[in-house]
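Everything below concerns the one structure shown next.
In listed order, ligands and their atoms are each counted from 1. Remember, predicted model here, so these are calculated numbers, not experimental data. Numbers here simply count residues along the sequence, with the first being 1.
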Amino acid sequence: MLQMKDAFVIQGLGGKRTLQGKISVMGAKNAALKAMAAAILFKDPLKVENVPQIEDISRLGEVLEFIGAKVEVKDRTRTITVPDGASSALPEEIAKRFRGSVVLTGPLLARFGRVTMPHPGGCVIGKRPIDIFLEGFEKMGATVTEHANEYQIDASKEGLQGVDLFLRVPSVTATETFLMAGVLANGKTTIRNVALEPEVQALAEFLNACGAKIEGIGTPTLEIEGGGLLESGGKSYITPPDRIEAGSFAILAALSGKDVEISPVVPLHIEALLETFREMNIPFELSGETLRIEDKRGGEMLPTQIKTHEYPGFPTDLQAPMTVLLTQAKGESPVFETIFEGRLNYTEELTWMGADILTLDPHRVLVRGKSALRGRKLESPDLRAGIAYVIAAISATGESVIGNAYNIDRGYERLEERLSGIGVDIKRVAE
Ligand code: EPU
């Protein structure tokens, strides 16, 4: 495990665009986590490839081992075997720390008839309730009992029943949780208003390849015919490239890049960002799986409006890096964060770096560019705000120290190494 007390020290470029070279994109965190959880649905070992080497993946591996699964680690491949005798009580200390663990509840409940879970943690980005999960499990025939620090969910009498579920909001992890629960439930589960994120689709397609009966992939309604445990038969889940990581690097390149190539990317997965680039007068080239951004913009970067939205809209996970970029666009750019309350709190620190950002309400800010940024000492409050601070620090004048690097390591593998490779002056130090 990387040290929890690490910090990144960055020497800024003073607004110059000098970064040059190729930067690789790792497998998607939010896809690999769910594929690893899906191992609970399999009677044979499940191989997940192209797994990013990040803290959240290690934590999920620890949770799986805690409940009795065998997790073999070989480079970027995890082979996970979940025996019949596995426990379904999630360890409080680890599960509390990251939200990804919540997706274990669906497959555990479906396979073992019960699950005990603490209130899940994750990034501090406002309220992150689990009411949709609990209500859905109750509809599927489980009883939910709330204790001081944990929920006990029990469906051991008759097993989980396939039912009709309508998600009040198209939650990503709730969709994945019920999708996996439905695979082993009795009868047919219909989930309406599901999340359409590529990670959800990749999971559903892989489960189908291994014997699940899921219809409607890529549409707002999923229908799952429940059955027995799945068999991978040696097939591997290949984690798709991380669209949020690709987007974060693209934003960095648009701000500080002379000539940067980012790959692999799936162009369809980052369309909302690329469309925004077009509007902002940021040129880019796509060639197969490579996105190239060069410093050949004629004229100023233009302001735009950002409104986060479920996929295929503008991702909330790119809102913070994009806001940094907007501080360098000439004019006013309103940013409307519609998914998470509290996911704009990091903007206050950007104003201390010299940005002109007016808070309108907890969901809205107005960015007025462009303003020179100055390096300073910052604390990474969460994963995406953390990378936004890194991007701001690279463009700023002078030195920045970004504490709590753990929050960045949760989602970005060996960030300092990869950024150094394109010319960023960044060092990891013990705090
Ligand atoms: N919501 C509820 N009740 C619930 C569940 C969710 O009201 O029971 C609400 C949330 O409060 C939020 C909205 O639904 O307002 C959407 O949240 P969602 O459930 O989709 O988020 P999530 O599944 O917890 C995943 C990613 C996040 C990403 C969001 C949105 C994982 C492990 N996490 O979270 O990723 O921001 O979808 O795309 O897949 C990150 O990687 O930095 C990250 C935070």
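- Residue contacts with ligand 1 for Y311 are absent, since no atom lies close enough (heavy atoms, distance under 4.0 Å).
- Between the CD1 atom in I293 and the CG atom in L291 there is a gap of 4.5 Å [rounded to 0.5 Å].
- Within 6.0 Å of CD on E215 lie no more than 12 heavy atoms contributed by other residues, nucleotides or ligands.
- For ligand 1, the atoms closer than 4.0 angstrom to any heavy atom of V172 are 18 (P), 19 (O), 20 (O), 23 (O), 25 (C), 37 (O), 38 (O).
- Salt-bridge check for K235 with D44: failed, with every basic side-chain N at 4.0 Å or more from each acidic carboxylate O.
- Distances shorter than 4.0 angstrom do not occur between any heavy atom of Q319 and any atom of ligand 1.
- Cation-pi contact between R364 and F336: present, with separation from the ring centre below 6.0 Å and deviation from the ring axis of at most 45°.
- Scored by the salt bridge (Lys or Arg N to Asp or Glu O under 4.0 Å) test, E49 finds no partners at all (sequence neighbours excluded).
- By the criterion of a heavy-atom distance under 4.0 Å, both the backbone and the side chain of D131 are placed next to ligand 1.
- For ligand 1 and K29, the ligand atoms under 4.0 Å from any heavy atom of the residue are 40 (C), 41 (O).
- Those atoms of ligand 1 that come under 4.0 Å of a heavy atom in R384, given as number and element, are 40 (C), 41 (O), 42 (O).
- Within 6.0 Å of the CD atom in Q305, the count of heavy atoms belonging to other residues, nucleotides or ligands does not exceed 12.
- Residue P129 places a heavy atom under 4.0 Å from ligand 1.
- With a 4.0 Å cut-off on non-hydrogen atoms, R168 touches ligand 1 through its side chain and not its backbone.
- Between A38 and L203, the shortest heavy-atom distance links the atoms CB-CD1, 4.0 Å.
- The I339 neighbourhood of ligand 1 comprises atoms 12 (C), 15 (O), 16 (C), with distances under 4.0 Å to a heavy atom of that residue.
- Within the 4.0 Å heavy-atom criterion, the part of K34 lying near ligand 1 is the side chain and not the backbone.
- Residue R410 places every heavy atom at 4.0 Å or more from ligand 1.
- Each of the atoms 42 (O) of ligand 1 lies under 4.0 Å from some heavy atom of L383.
- Between F137 and F178, the gap from one ring centroid to the other is short of 6.0 Å.
- Residue-level proximity to ligand 1 for R343 is carried by the side chain, the only part with a heavy atom below 4.0 angstrom.
- E62 is not listed as a side-chain neighbour of V71, based on a closest heavy-atom distance of 4.5 Å or more.
- Not one N or O of V169 is nearer than 3.5 Å to an N or O of ligand 1, by distance alone.
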